[in-house]
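A short write-up of the structure that comes next.
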There are 2 protein chains.
Amino acid sequence: MSRSYAQYCPLARALDVVGDRWAMLVVRELSFSPKRFTDLEQRLDGIAPNLLSRRLKELEAAGVVDRRRLDPPAAATVYELTEKGRGLETAMFELAKWGIGFLGAFEGGEAFNLEWLIPALEEMADRDAARGVWEVYEFRIDDASFWVRVEDGDVTVRAGRAAEKVDLLVETDLETFLGIGFGTIVPEDAAAGGRTRITGDAAKAEKALDILAPVRRIFSRA
Amino acid sequence: MSRSYAQYCPLARALDVVGDRWAMLVVRELSFSPKRFTDLEQRLDGIAPNLLSRRLKELEAAGVVDRRRLDPPAAATVYELTEKGRGLETAMFELAKWGIGFLGAFEGGEAFNLEWLIPALEEMADRDAARGVWEVYEFRIDDASFWVRVEDGDVTVRAGRAAEKVDLLVETDLETFLGIGFGTIVPEDAAAGGRTRITGDAAKAEKALDILAPVRRIFSRA
DNA sequence: CTGCATCCGCTTCGATACTG
DNA sequence: CAGTATCGAAGCGGATGCAG
């Protein structure tokens, strides 16, 4: 473990646990789904393997992360969040919302994962456009997926598959999805080009696009 | 600035700004009130002055902290949070709530400030005891103060003086306050010993004690 | 192939001393 | 009071190697 702040303070204690470099980003990754060592190494570009190893041990010792060995056929070790680790999600969410203000335009050259933008999707959704709408959307982009619950002006966005029945399912690849986000691809073209499959009502798809549209602001380069 | 994670992710961006050692604790201190360099140095026991200097510059550059020079009579520089900095409070609050689980019993030997426990006071307050109660309490302990708003089962605790009219004002010193928290001092004795001044109804004081009592759990050494 | 351990150069941190 | 200067220690990043 790294040097403690030695303060009898809840915030300092939290930072003793997840305040070290990379620690909270490890938790972020595991908050989307359990992962293997090499998965983490790949998604946390630039982390040294020994450091990742150390962080996982520290987080395990603190009861935040659990190490689970899979059965022989899939001989692998996966790391996943414990209940305590999942308790950190609210705080990470708030921190991420605050971080939106520092995002700036996406210029490339930085690592990127769709799941990382989920707090931004939720924070920036157009609540007015969502008024009177009660629906659940699911998006599948390459391997990743997220879903959106719209409840009359209230919008929730979460990683993973929707547990409930979805009214609209959008399947596409990352390039197309970002293209729509950037505004360089018109949704109709994406659908026509066969790179996007929409299961559900076209009107619903348009409404979904309206609700999520403000996210484009963070991509804008003008 | 320190090394960036180089990820297009709101959380990583937030950590680029306040993820370095001591950075968030500097913000925590300023969230209670504006402070001078030496005040911060003292309350962040163990921080090196050059590091504090760096952090303040970085936070100022990021627009989180503002440096303000006071007029000649009080020749001093004070640091305070900007609007953006104050926006971090929610996230810090959530992080602190999560950190309560790692607090453990207070054994001494660690730095301590009453204000640090405010998230714990709020989180652990007895909502059932607060049902049907609509009141505002203010506590003044040595130089520090905090206030509690009880609204029929809803309890809010904040640092500083209450803006509204208070129904109960408790003034005491830290030793006595902690003694009551530890359970080593009975409130009646504290009042009788003249070390505590209570302005307001005795019945209200007792109710306040009931509502805030669960905090004792984190002090308990048994 | 996964999950690390080791080594090494570099960056950041921490403690003390010192100055406008 | 509000920092800057200095320097040793610790932590980090990148490359490589290796065992299960």
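As the structure is a computational prediction, the values presented were derived from the model and not from experiment. Residue numbering restarts at 1 for every chain, and letters A, B, ... go by the order of the sequence lines.
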Could you tell me how far apart [X] ([atom1]) and [N] ([atom2]) are, to the nearest whole angstrom?
X: L70(B); N: dA2(D); atom1: CG; atom2: C1'; result: 13 Å
X: F37(A); N: dA19(D); atom1: CZ; atom2: P; result: 17 Å
X: R54(A); N: dA5(C); atom1: CZ; atom2: C1'; result: 13 Å
X: E41(B); N: dC1(D); atom1: CD; atom2: P; result: 10 Å
X: R36(A); N: dG20(D); atom1: CZ; atom2: C1'; result: 16 Å
X: L56(B); N: dA2(D); atom1: CG; atom2: P; result: 11 Å
X: Y5(B); N: dC12(D); atom1: OH; atom2: C1'; result: 11 Å
X: L40(A); N: dG3(C); atom1: CG; atom2: C1'; result: 12 Å

Please confirm whether the shortest side-chain N or O distance from [X] to OP1 or OP2 of [N] is below 4.0 Å.
X: Y79(B); N: dC1(D); value: no
X: S53(A); N: dA5(C); value: yes
X: K57(A); N: dA5(C); value: yes
X: R67(A); N: dC4(C); value: yes

Practice prompt. Evaluate salt bridge (charged side-chain N to carboxylate O under 4.0 Å, His left out) for R43(B) paired with E115(B), printing each intermediate quantity in order.
Written response: CA-CA 11 Å; R43(B) 293 182 59 119; E115(B) 289 163 326; 2.7 Å; yes

Practice prompt. Would you check if there is a donor-acceptor pair between the side chains of T82(B) and D66(B) at a distance under 3.5 Å?
Written response: no

Discussion item. Using a 4.0 Å heavy-atom cut-off to protein, can you give one letter per nucleotide of nucleotides 14-20 of chain C, 5' to 3': B if the base is in contact, S if only the sugar-phosphate is, - if neither?
Written reply: BBBB---

Fill in: salt bridge (Lys or Arg N to Asp or Glu O under 4.0 Å) involving R21(A) - partner list, sequence neighbours excluded
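If we apply the salt bridge (Lys or Arg N to Asp or Glu O under 4.0 Å) test to R21(A), skipping adjacent residues, there are no hits.
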
Worksheet item: Taking only residues two or more places apart in sequence or in another chain, which ones pass salt bridge (Lys or Arg N to Asp or Glu O under 4.0 Å) with R13(B)?
Response: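 For R13(B) the salt bridge (Lys or Arg N to Asp or Glu O under 4.0 Å) partners, ignoring immediate neighbours, are E110(A).
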
Item to complete: Working to the nearest 0.5 Å, report the span between CD1 of I185(A) and CZ of R195(A).
Response: 6.0 Å

Worksheet item: From E41(B) CD over to I47(B) CD1, what is the distance, rounded to the nearest 0.5 angstrom?
Response: 8.0 Å

Worksheet item: Is it true that K57(B) and E60(B) make a salt bridge, defined as a side-chain N closer than 4.0 Å to a carboxylate O?
Response: no

Discussion item. Counting the atoms with a prime plus P, OP1 and OP2 as sugar-phosphate, which does R55(A) contact under 4.0 Å by heavy atoms, base, sugar-phosphate, or nothing?
Written reply: sugar-phosphate

